[in-house]
2 protein chains.
Amino acid sequence: MSRETKSRLTPTETTRARILEAGMRCFAREGFAGATTRMIAAEAGVTLPVIAYHFGNKEGLHRACAQEIIEQHRRRLLPLVSAAHEAANKGSLSATEARDWLDRILDALVEAITADAEQRLTTDFVLREMSEQGPGYALLFEGLWSPGIGLVADLLAIARQRRPGKEEERAGAVMLLASLSAFTTIEPVSLAVLGWERLDGSRRDTVMALAKRLLDGLVGR
Amino acid sequence: MSRETKSRLTPTETTRARILEAGMRCFAREGFAGATTRMIAAEAGVTLPVIAYHFGNKEGLHRACAQEIIEQHRRRLLPLVSAAHEAANKGSLSATEARDWLDRILDALVEAITADAEQRLTTDFVLREMSEQGPGYALLFEGLWSPGIGLVADLLAIARQRRPGKEEERAGAVMLLASLSAFTTIEPVSLAVLGWERLDGSRRDTVMALAKRLLDGLVGR
DNA sequence: CGTCACCCCTATCAGTTGATATATTTCGTG
DNA sequence: CACGAAATATATCAACTGATAGGGGTGACG
């Protein structure tokens, strides 16, 4: 379970890290059932049993990937999210300020979605897990998804000058974020519909503007 | 390929129909890769080779399911869709009329989403296929998805009093429909977030109202 | 130098899956 | 009833998957 080693980045740790990264890529691309342990091992440059040695089994690796993603996002998004959450909870947030927070969050999400494949790894992993609900689902739901929806819902409530906690706001938050799945889960389909090859510069702006208009509708302008 | 029999519903045809239905259920529930031919055969009450006898192989069955869905939807939605499409193409549609059509389409979609499991079969099948892009993908994309998006995009353009065909409207249509995936692809997740058990009466109204508000945002009220 | 824990590999297993060769049944038709 | 074609079942195959038993190499430490 705990793998504290005295010196950092021993050869063992780099092997473990390589497997973890290969697992992320494969799971994000193929899903838990679709990714084979041989595929992961090959991509990590190791042989099959090494995975079991470090992570127990395929499920263990999947959970470890989910945990890694949660910690990455905590490191990256914690300042943004905790500040917003704190302000929202204190009740010291005006409607327009809440709307600003929502804009910023949407910006960050569209940014994450339109990033290059390497950066989209975690996004793809998480969204795929929300559809499949594999071994890492519970971790991601509790550690990432549920709190994220909660934050957006609270901000929505403040922006609409209602008291938070209502189901309506949570459902709205869920649907708003789901609208972005057009360019994640079913991205190739959407790109084919639009005749786009990928989501570069000006097209990202288009998507961003559309997300803002959807938000407008939710907030009631 | 062609299986025209003179008399209707010969025992052979009912076997074929049972397999088709079992395939729909299994593919909708587990996806193309996840559903096993044995699972389908058992659910249809036949043995393995019968599937191959009627459909060639697993891929053939999957394509046949996709084809069946397309024809079902054509029969069911053709009056609605073709009337809307015709009106949209003739340019004889006012902005408010276009908005009415969009409302009606959203109603129908939310209705389809919140129906019981049996009725959601085709919806689940289609959406799963948009994510996985299995053997039946091309059929569903050309026969259902792409024209559907096109219709919504054209109506959106008219409702906004722009000329149709712009990428912006198509992207908006894609995102609007994707927002509904909150209660299809990732339905269990959303229900867990909301503390709901299922999407019954009043909750369906909530979702419907939210979809309308998202549409408001797209149209610009 | 010995040895012992740690790390990684080769080889192999049992279970599952899609497919099919072959046998049996069913049924219309003469 | 006879017979042949269509429809279904039995038995089996090769490929693949997750897992692991067992061996070898390496380095820290006495």
Checklist entry - Given D/dG18, is OP1 or OP2 found less than 4.0 Å from the side-chain N or O atoms of A/Thr37? => result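 Yes, within the criterion.
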Next on the checklist: If you compare every side-chain N and O of B/Thr15 against the phosphate oxygens of D/dT8 (OP1, OP2), does one of them come in below 4.0 Å?
Outcome noted: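 Checking B/Thr15 against D/dT8: at least one side-chain N or O falls below 4.0 Å of OP1 or OP2.
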Checklist entry - Where each residue is assigned the nucleotide of DNA chain D containing its nearest heavy atom, which of A/Ala52 and A/Met39 is assigned the position nearer the 5′ end? => result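 The residue closer to the strand's 5' end, by nearest nucleotide, is A/Met39.
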Checklist entry - Hey, is CZ on B/Arg104 packed in by over 12 heavy atoms from elsewhere, all under 6.0 Å? => result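 Atom CZ in B/Arg104 is packed in, count exceeds 12.
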[X]: side-chain contact (heavy atoms from CB on, under 4.5 Å) partners, not counting sequence neighbours:
X: A/Glu43; value: A/Ala22, A/Arg25, A/Cys26, A/Arg29
X: B/Glu68; value: B/Leu20, B/Met24, B/Glu71, B/Gln72, B/Arg75
X: A/Ser181; value: A/Thr184, A/Thr185, B/Ala178, B/Ser181

Take atom [atom1] of [X] and atom [atom2] of [N], then tell me their distance rounded to the nearest Å.
X: B/Lys58; N: C/dT17; atom1: NZ; atom2: P; answer: 9 Å
X: B/Tyr53; N: C/dT25; atom1: OH; atom2: P; answer: 17 Å
X: A/Arg38; N: C/dC9; atom1: CZ; atom2: C1'; answer: 14 Å
X: B/Leu48; N: C/dT20; atom1: CG; atom2: P; answer: 12 Å
X: A/Ile40; N: D/dT17; atom1: CD1; atom2: C1'; answer: 12 Å
X: B/His54; N: D/dA9; atom1: NE2; atom2: P; answer: 9 Å
X: A/Ile51; N: C/dC7; atom1: CD1; atom2: P; answer: 16 Å

Checklist entry - So which of residues 19-33 of chain B are in contact with DNA chain D, with a heavy-atom cut-off of under 4.0 Å? => result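 When residues 19-33 of chain B is checked for heavy atoms under 4.0 Å from DNA chain D, there are no hits whatsoever.
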Next on the checklist: Does anything in residues 59-67 of chain A come within less than 4.0 Å of DNA chain D? Heavy atoms only, and list the residues if so.
Outcome noted: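 The answer is none.
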Checklist entry - With distance as the sole criterion, is a donor-acceptor pair present between the side chains of A/Trp145 and A/Glu129 under 3.5 Å? => result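 No, because no side-chain N or O of A/Trp145 sits under 3.5 Å from a partner of the opposite role on A/Glu129.
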Checklist entry - Counting any heavy atom closer than 4.0 Å, what does A/Thr47 reach on the DNA or RNA strands: base, sugar-phosphate only, or nothing? => result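 It contacts base atoms.
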Next on the checklist: Looking at B/Lys212 and B/Asp107, is there a salt bridge between them, counting it only when a charged N and a carboxylate O are closer than 4.0 Å?
Outcome noted: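 Salt bridge present between B/Asp107 and B/Lys212.
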Item to check | Lys/Arg-Asp/Glu bridge criterion (N-O < 4.0 Å) met for B/Asp124, B/Arg128 | outcome: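 Looking at B/Asp124 and B/Arg128, the cut-off is not met.
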Checklist entry - Taking the side chain of B/Val50 as its heavy atoms from C-beta onward, which of D/dG18, C/dA19, D/dA9 lies nearest to it? => result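 Selected nucleotide: D/dA9.
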Next on the checklist: From C-beta outward on B/Asn57, which listed nucleotide comes closest to its side chain: C/dA19, C/dC8, D/dA19?
Outcome noted: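 So the nucleotide nearest the side chain must be C/dA19.
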Item to check | Pairwise ring pair (Phe, Tyr, Trp, His ring centres under 6.0 Å) hits with a residue in residues 13-41 of chain B, at least two apart | outcome: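 Matches after skipping sequence neighbours: B/Phe27-B/Phe32, B/Phe27-B/His62, B/Phe32-B/His62.
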Checklist entry - Are the side chains of A/Leu218 and A/Glu169 in touch, meaning some heavy atoms are under 4.5 Å apart? => result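 Side chain of A/Leu218 against side chain of A/Glu169, heavy atoms only: no contact under 4.5 Å found.
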